[in-house]
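Only one structure is covered here, and it is reproduced in the block below.
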Amino acid sequence: MKKLSVAVAVCAVLASSYASAEVRINGFASIIGGKSLDNLDHIADPNDPDDNPTIYGYDDDISFKNESKFALQLSADLHEKLTATAQIIARGEDDFDATFEWAYVTYEYSDELQFSAGKMRAPFYKYSDFLDVGYAYRWVRPPKSVYGIPFSTYEGLSLVYSSQLGDWDSTLQGFYGAFDGDIDVFGTELPAELNNFGGVNWNLSYDWFSARVAYMVADTSISSEDSGLLGLAGALSDNGLTDTANDLITDEDKTTFVGVGFSIDYENFLFDAEYTQFEVEDSILPKQSQYYASVGYRIDSVIVHFTYEDNDDKHDSSRFNTIESIPTLNSAVNGALEGLRAQSNVYTIGARYDFHPSAAFKIDFSRFEDDITDTETDVVAVGVDLVF
């Protein structure tokens, strides 16, 4: 009930105002099929017979379910500068169970300033507002190395100020709220809370060039069910190493996110690049640094593109060998920290064909290179994105 409270409240506003308000219904959909071109047994955990590894949710059997989705968005003009918005989405990866992705109300104080409250998209990236709307970008999916934070919404407040700085269009957003839900932590769904979740993001654009910067903070708690990790933390505490034990548990730990990026859309030439850094201090989670650069070229109704992605997750060297006086525990701590090390690169070539004013066909071929396991995996995905 707690998770539905905001959505229910907004829907009540929409329903009660239906008779007097102008209600607009829009929607979007993606029908995506894909498969790995390689058998993935080589990256399976040899100690887990039930491990079925995937890349972007695909194994070597074709699937049209994993990345497909269908959504409806309802917007009601409640007059006197007040609007209500709700978005319902059904994802194939969730067996197409419908959930409220957005549910918020907005008050337009002036042409420049607006306030919003409810469940909204967290503004991590350039394409955050259109994260699920495949029609809004050229790839089958945004570059996952960067667009990989395991949650995308929050419940709280948002303030947006739009203005002109000379010839530049400026949009400055500040927000504050919280997140409470299950997130994917290195392949395992775990309950998580982010409190005091807030930040700012600033977008500037002029003609064919745009740039953005974002900074966010939170207090993060994640409930781990890893018996090995919990046992190690317990052993450390029993030996009087409470601080070291606490550094393995994610409990109200300070979290920071920094993102910068820019885009070019000049005549037929397209370019996008984003860099992000995400860190949960004093926890088992490594510091994560990612970036991508993507170039595209528009030929009538077709866009061809190439994208390079880089991901590097690691702990600072100062986290290792902190208790050398107890070799067994020192080795165990080092192993736990190093076990979450990740370094990978992705190369994607693809094309988009706008065969209809409201629909686009896409095909992407991606090569995923894991520098830790020294393996590479090819994935192909095709699909159609629609807006209506």
Step by step, work out the side chain to side chain donor-acceptor pair (under 3.5 Å) result for Thr348 and Ser366.
CA-CA 4 Å; Thr348 298; Ser366 300; 2.8 Å; yes
Presence of salt bridge, [Y] and [X], under 4.0 angstrom:
{"X": "Lys65", "Y": "Glu93", "answer": "no"}
{"X": "Lys287", "Y": "Asp312", "answer": "no"}
{"X": "Arg91", "Y": "Asp97", "answer": "no"}
{"X": "Asp282", "Y": "Lys254", "answer": "no"}

Check against side chain to side chain donor-acceptor pair (under 3.5 Å), Asn345 and Asp371
CA-CA 8 Å; Asn345 308 285; Asp371 296 336; 3.0 Å; yes
Check [X] against [Y] and note the closest heavy-atom contact, atom names and distance.
{"X": "Tyr135", "Y": "Ser358", "value": "CE1-C, 3.7 Å"}
{"X": "Ser294", "Y": "Thr307", "value": "OG-OG1, 2.8 Å"}
{"X": "Ala71", "Y": "Phe388", "value": "O-CZ, 4.0 Å"}
{"X": "Asn195", "Y": "Ala178", "value": "OD1-CB, 4.1 Å"}

Walk me through it: do Phe151 and Phe197 pass the test ring-ring contact (aromatic ring centres under 6.0 Å, His included)?
CA-CA 13 Å; Phe151 73 98; Phe197 178 43; 5.8 Å; yes
Check the angle between the aromatic planes of Tyr104 and Trp102 and answer parallel, tilted or perpendicular using the 30° and 60° thresholds.
tilted
Ring geometry between Tyr291 and Tyr308 (parallel below 30°, tilted from 30 to 60°, perpendicular above 60°):
tilted
So, for [X] and [Y], is the gap between ring centers shorter than 6.0 Å?
{"X": "Tyr127", "Y": "Trp139", "answer": "yes"}
{"X": "Phe361", "Y": "Tyr353", "answer": "no"}
{"X": "Phe70", "Y": "Phe28", "answer": "no"}

Does anything in residues 349-365 pair up under salt bridge (Lys or Arg N to Asp or Glu O under 4.0 Å), and if so which pairs, sequence neighbours excluded?
Arg352-Asp354, Lys362-Asp385
Where do Asn321 and Asn334 land on the side chain to side chain donor-acceptor pair (under 3.5 Å) test, with the steps shown first?
CA-CA 7 Å; Asn321 298 314; Asn334 288 348; 2.8 Å; yes
Show your reasoning for whether side chain to side chain contact (heavy atoms under 4.5 Å, CB included) applies to Phe179 and Glu155.
CA-CA 6 Å; Phe179 169 83; Glu155 293 185 4; over 6 Å; no
Between Tyr297 and Phe269, is the ring-ring contact (aromatic ring centres under 6.0 Å, His included) condition met? List the steps.
CA-CA 5 Å; Tyr297 192 79; Phe269 177 76; 7.7 Å; no
Between Gln173 and Ser158, is any side-chain donor less than 3.5 angstrom from a side-chain acceptor?
yes
Could you check Lys69, Lys119, Arg121 and say which one makes a salt bridge (Lys or Arg N to Asp or Glu O under 4.0 Å) with Glu101?
Arg121
Can you measure from CD1 (Ile349) to CZ (Arg367) and round to the nearest 0.5 angstrom?
9.5 Å
Can you list everything that forms a side chain to side chain donor-acceptor pair (under 3.5 Å) with Tyr56? Sequence neighbours excluded, please.
none
